[in-house]
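Note that the structure is a prediction, hence the values are computed from the model and not measured. In listed order, ligands and their atoms are each counted from 1.
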Amino acid sequence: MKLTQQQIEEFERVGFLFFPSLFSQPEIDVLNAEVPRLYAQHRPENVRELGSEAVRTNFAAHLYSYPFAKLARHPRMVEPVMQIYGDELYMHQFKINGKMAFDGDVWQWHQDYGTWKNDDLMPEPRAMNVAIFLDDVNEFNGPLMFIPGSHKLGVLDAQHDTSTTSYPLWTINHDTIEKLVERGGIAAPKGPAGSMILFHSCLVHASSSNLSPWNRVAVYLSLCAVDNHIRRFKRPEYIAHRDFAPLQCLPDDCLLKDYDVPLPWKDGTPVEALSGMAA
Ligand code: SIN
Ligand code: MN
């Protein structure tokens, strides 16, 4: 999938692009059929919400789930990022966020590159998030909120918050958010399952809790230019990958047809991928 010049300019201006209903319902059905099985597993890749069995995020399913291994190589998700960077990409992070009905907790205001720089020593913000909705996203089930234009400010000061939720995050303080929102406002792309968002790794974003009766499952590919690979392996490999081999895209119909994909962790996570390494 190729971006138009107008889309590239829009991305540079606001820091994200929204593609409503980019994937068909049959394609989304294939992915959704797999999520309950993944979330039911007791493996370290499933991070649960504080005080609840609900899965907050599932990591690295592209290494042990056939449909998600194909999604990780989907040209509609990968090619636009290759086009923007003019480079080959590897998978820095792959996650399926639950934001489950009633239990889905907040994601505080943050920039992803803040974490990738601080924790993983990724040299430049040449890594992109591409999200795909597996459920309809509306104003009630915790849509992602972006501050348009905030990606242009580079890496902002952040504090490591290890207590608000079950997942540690480098978060931005409320005074800064107030100023940023004054100039940029807030955008929250909403739409049917199958919609896709591509967003800059310095774009400030957050989402509130999900008190609605509707799940808001979404998959996030974090695609990094190969030569911009992380330099420190402090976090476990299932969170920050260490395989920098370029991704090879599958054909556009890959979710609905059979293709060979590697599933190296299908029998379990290798022990060396479970912990970080000393710097
Ligand atoms: C994230 O920022 O990584 C996730 C936010 C969300 O899923 O709402
Ligand atoms: Mn994020």
Does atom [atom1] of [X] have more than 12 heavy-atom neighbours, drawn from other residues, nucleotides or ligands, at distances under 6.0 Å?
X: Asp157; atom1: CG; value: no
X: Glu178; atom1: CD; value: no
X: Lys70; atom1: NZ; value: yes

Quiz item: cation-pi between Lys95 and Phe59, 6.0 Å / 45°: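 Because its charged atom misses either the 6.0 Å distance or the 45° angle limit, Lys95 does not stack over Phe59.
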For Arg216, atoms of ligand 1 separated by under 4.0 Å from a heavy atom: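 Those of ligand 1 that fall under 4.0 Å from Arg216 are 6 (C), 7 (O), 8 (O).
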Atoms of ligand 1, numbered as shown, that sit under 4.0 Å from any heavy atom of Lys95: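 Answer, ordered by atom number: 3 (O).
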Distance from [atom] to nearest protein heavy atom, with residue and atom:
atom: atom 6 (C) of ligand 1; value: Tyr220 OH, 3.2 Å
atom: atom 4 (C) of ligand 1; value: Asn97 ND2, 3.2 Å
atom: atom 8 (O) of ligand 1; value: Ser207 OG, 2.6 Å

Phe94 and Phe68 aromatic ring geometry - parallel, tilted or perpendicular at 30°/60° bounds: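 Ring orientation of Phe68 relative to Phe94: perpendicular.
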Ligand 1-proximal atoms of Arg56, by part, heavy-atom distance under 4.0 Å: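 Neither; nothing of Arg56 gets under 4.0 Å from ligand 1.
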Region of Leu144 that comes within reach of ligand 1 [heavy atoms, distance under 4.0 Å]: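 Side chain only.
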Check: Asp105/Thr165 side-chain N/O donor and acceptor closer than 3.5 Å: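 Absent: no donor and acceptor within the cut-off.
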Check: His110/Asp112 side-chain N/O donor and acceptor closer than 3.5 Å: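 A donor-acceptor contact under 3.5 Å links the two side chains.
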Atom nearest to the Mn ion (ligand 2) - His110, N, O or S atoms considered: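 Closest to the Mn ion (ligand 2) among those atoms: NE2.
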Atom name, Asp112 (N, O or S, nearest to the Mn ion (ligand 2)):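 The Mn ion (ligand 2) is closest to the Asp112 atom OD1, counting only N, O or S.
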Asp112 N/O under 3.5 Å from ligand 1 N/O: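 Looking only at distances, the answer is no, because the N/O contact criterion of under 3.5 Å is not met.
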